[in-house]
Amino acid sequence: MIRKAFQRTPFSKIERLYKQELHQEETSFFYRESEACLHLESYPGNRPFVRGPYPTMYKKKPWTIRQYGGFSTVADSNRFYRECLKDGQTGLSIAFDLATHRGYDSDHPAVVSDVGKAGVAIDTVEDMIELFAGIPLDQISVSMTMNGAVLPIMAFFIVAAEKYGVDKKKLKGTIQNDILKEYLVRNTYIYPPKASMDISTNIMSYLAHHVPFFNSVSVSGYHMQEAGAPAELELAYTICNGMEYVKAGIGAGLNVDQFAPRLSFFWGIGMNFFEEIAKLRAARLLWSNVMERFQPTNEHSFRLRAHSQTSGWSLTAQAPYNNLVRTTIEAMAAVIGHTQSLHTNAYDEALALPSRYSAKLARQTQQFLLDETGLTDVIDPFGGSYYVESLTTQLYNKAWKHISEIERNGGMVKAILTGIPQKKIALAATERQAAIDTKQEAIIGLNKHTSHRERTDEKLLYLGNKHIRERQMMKLAAVKKGRDDQVVQARLAAITNEMKQKRNNLLELAVEAARARATLGEISNALEQVVGRHTDTLSYVRGIYKMEWMYKHEREQVETEIKNYKERVGKKPSILLTKLGQDGHDRGIKVIAAGFADFGFDVRMGQLFQTPQEAAQLCVGENVDCVGVSTLAGGHRELIQQFVHHLNKIGKKDMLMIVGGVIPDEDVPYLNKLGVTTIFHPGTVVIEAVLEVIHKLNEQIRVEKGASYKEG
């Protein structure tokens, strides 16, 4: 009965679509749609693995409890990791600071505010050795979220293991090494796409031959969801990225079965409970099907294994304790969807970096699910559910259309260069934010069932990074002083030559450079000398907010204020939106740009990774009326202070300045004292932000000119 009911509604539409596509040349991807129901006859652990990648699932082995962490000094991070393991965490997940991600040593002038913030700084092998002191690397699975500076980080890890007497053949864990998603959403890249793919492939090859139990790529959809991608786009583009890595591995001379079994995936888990369960099931079905084209003979090559993380974007600053409930719901969806490991976010991450107490609660959330709920007693609790199975098929079909589009355009690397996936994600993010702002989508504590803003009882974590950077610079100098520079330069030259000639393995050469104590920045620069640094411009979509707010009272208020401004100044109000430092998350700034432009502002966008001095000079060059700074990674104190300093130096002392992002309440007075007029926290309604900014601009003109002012 389930099979008949399941076929009745969804597949009549699929069959019509299938027949329409038969006369076209590109039929291979559409063909799989007609077979999307066949998984109903499968079992857990059997292809296509929809009902779970392993036969007994959590009854035999529970998921790995991970806590993504790393901050301040390596000593502090090491202490935190050992506390986590003592409290029942079963795997480590390492967060590196943005300077490290972008291939800079801590003494580089571009990363003054980023060292030790939002992750731990790793400059040398000595840092990596200290990071894992007292941790048995032959027993603990280590996941490292690194893509840009992936070559030196993986090399440092291998050499650190050698220092502790651990053979690299015994190392277990994952290096993310998913550079393609950086060009799509997170932007923590260093080199151009083609060069980055070459580096990624070298790592895949080295690990396949020498570190057999280490996952060489963790294909990440998490950051796509955080950037605004709905489930079908997260599925499609993540699978497409995975296909590109398989193609690259085969192109480099590897047999598909040498590396495909060690590929893993990383999913974001949001608040749509049933959809997230179905998404993980659909992902396994998609991967099993697309792998058929590569003709593996090892059954493990078809199996999609997953790490999951609860959504950071779904957390609200306005009612932080609500986030405990959100994380629990999301974690349950990940477990029922059959994740292999899980990270649960802390409730205070919309306010600041997670405190030790909030991180402990997040970790214990998984322990509750593991030990008190009975979720591990059932292998596939939702198997055969009409709704979940139907939803699985719907997501599969939607994702397949997007996969087909990317393949018709030559694969994901070419699609990224033309901007197809980036534009679709940006459009989806803007549409969703507009739906939240207009209360079409409810967010409890933000736009529904609201009260006054809550404050947490616990002290938020603040990391002043001046002493962290000074400590890193001292350690860096000591390493350089104690090494043989002639050997180091020879090792670095070998990496540069290999990037040109492509004869040997880059990771093998990086390991040799690491043994000689070359720094992360030096190894990164050895590659950069050949291929340069990748740059990209920020863009945004138009028309979404204008359509959603067509008949709203607030729009009339904005129009009146902008009309007043035009009458006094003779032009539209203009705003420069910029991100400072090395944080590449751009969902927020793109949504703000879309809203301000639709409501009548002349919006200018700075490039990613600007220094405060560059942004200040851009304010002059663009001749804007106000500037908005987006900041998420905890460096706002230092960055805004520097930015104001440079504005004052070039005569823009009185420029209206707003800041948006993760700003703890305790930091608001400090930023106000620096000259920040308004601070917009996560969850701010865009039209309210527009109204406040245009009102302040008009008030500023009234004060400066002493003219009469008409309230909007």
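The two residues L507 and A155 have their closest heavy-atom pair at CD1-N, 3.8 Å. Of all heavy-atom pairs between V256 and S301, the closest is O-OG, 4.2 Å. Scanning both residues, T376 and K59, for their nearest heavy atoms gives O-CG, 3.2 Å.
Between R281 and D380 there is a salt bridge, since at least one side-chain N of the basic residue sits less than 4.0 Å from a carboxylate O of the acidic one. Under 4.0 Å is where a charged nitrogen must lie from a carboxylate oxygen, and between E234 and K181 no such pair does. A salt bridge links R79 to D76: one of the charged nitrogens lies within less than 4.0 Å of a carboxylate oxygen. The pair E389-R51 does not count as a salt bridge, with every side-chain nitrogen at least 4.0 angstrom from each carboxylate oxygen. Salt bridge annotation for E244-K247: present, with a cationic side-chain nitrogen under 4.0 angstrom from a carboxylate oxygen. For K401 and E232, the salt-bridge test fails: no basic side-chain N is under 4.0 Å from an acidic carboxylate O. In this structure, D87 pairs ionically with R363, as a charged nitrogen and a carboxylate oxygen lie closer than 4.0 Å. Ionic pairing of E226 and R186 is not present here: no N-O contact between side-chain nitrogen and carboxylate oxygen is shorter than 4.0 angstrom. Look at R47 and E292 and you find a salt bridge, because one of the NZ, NE, NH1 or NH2 atoms lies within 4.0 Å of a carboxylate O, short of that distance.
A ring-centre distance under 6.0 Å is found for F274 and Y387. The distance between the ring centers of F259 and Y206 does not fall below 6.0 angstrom. A centroid separation of less than 6.0 Å is found between the aromatic rings of W63 and Y58.
The main-chain N or O of F96 is never found under 3.5 Å from a side-chain atom of T100 such that the two would form a donor-acceptor pair. No donor-acceptor distance shorter than 3.5 angstrom exists from the side chain of Q176 to the backbone of N147, with no hydrogens or angles considered. Side-chain atoms of T201 come within 3.5 Å of backbone atoms of M197 as a donor-acceptor pair (strictly under, hydrogens ignored). Judged by distance alone, with hydrogens and angles left aside, the side-chain atoms of S264 form no donor-acceptor pair with the main-chain N or O of R305 at under 3.5 Å. Between the side chain of Q225 and the main chain of Y222, no donor-acceptor pair closer than 3.5 Å is present. Here the side chain of R66 pairs no donor or acceptor atom with the backbone of H343 at under 3.5 angstrom. T392 contributes a side-chain N or O that, together with a main-chain N or O of V388, makes up a donor-acceptor pair within less than 3.5 Å. Looking only at distances, no side-chain donor or acceptor of T64 sits under 3.5 Å from a matching main-chain atom of G91. Using modelled atom types, one side-chain atom of E349 and one backbone atom of A346 make a donor-acceptor pair closer than 3.5 Å. Between the N215 side chain and the V217 main chain, no donor and acceptor come within less than 3.5 Å of each other.
Within the 4.5 Å cutoff, the side chain of T344 has no heavy atoms near those of the I65 side chain. With contacts defined as side-chain heavy-atom distances shorter than 4.5 Å, the pair I140/L92 qualifies. Side-chain contact between Q89 and Q366: absent, with no pair of heavy atoms (C-beta onward) separated by less than 4.5 Å. S218 is not listed as a side-chain neighbour of D178, based on a closest heavy-atom distance of 4.5 Å or more. Contact annotation: the side chain of R515 never approaches that of V125 to less than 4.5 Å [non-hydrogen atoms, C-beta and beyond]. Within the 4.5 Å cutoff, no side-chain heavy atoms of V511 are placed close to those of E508. Under the 4.5 Å side-chain criterion, counting only non-hydrogen atoms from C-beta, W287 is not in contact with V219. With contacts defined as side-chain heavy-atom distances shorter than 4.5 Å, the pair K279/L235 qualifies.
Atom NE2 of residue H101 and atom CD1 of residue I122 lie 11.0 Å apart, to the nearest 0.5 angstrom. Note that CG of L342 is 15.0 Å distant from OH of Y68, once rounded to the nearest 0.5 Å. Atom OG of residue S196 and atom OH of residue Y189 lie 10.5 Å apart, to the nearest 0.5 angstrom. In this structure, the separation between CG on D138 and NZ on K170 is 6.5 Å, given to the nearest 0.5 Å. For the atom pair S288 OG and E299 CD, the distance stands at 7.5 Å (nearest 0.5 Å). Going from atom CD of E182 over to atom OG of S220 covers 8.0 Å, rounded to the nearest 0.5 Å.
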Test salt bridge (Lys or Arg N to Asp or Glu O under 4.0 Å) applied to E405 and K424, step by step: CA-CA 12 Å; E405 178 187 36; K424 287 195 173 184; 2.7 Å; yes
**Report entry** ring-ring contact (aromatic ring centres under 6.0 Å, His included) between Y164 and F132, worked out
**Finding:** CA-CA 9 Å; Y164 288 118; F132 291 107; 8.2 Å; no
One pair to check against side-chain hydrogen bond (donor to acceptor under 3.5 Å, both in side chains): R326 and N322. What are the steps and the verdict?
CA-CA 7 Å; R326 291 191 176 95; N322 289 354; 5.7 Å; no
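For the pair R587 and W313, the distance from NZ or CZ to the six-membered ring centre is under 6.0 Å and the angle to the ring normal is within 45 degrees. Geometrically, R284 does not engage F49 in a cation-pi contact, judged by NZ or CZ lying under 6.0 Å from the ring centre and within 45° of the ring axis.
Side-chain atoms of S200 and N177 form a donor-acceptor pair, as typed in the model, at a separation below 3.5 Å. With hydrogens and angles left out, the side-chain atoms of S355 and S358 include a donor and acceptor closer than 3.5 Å.
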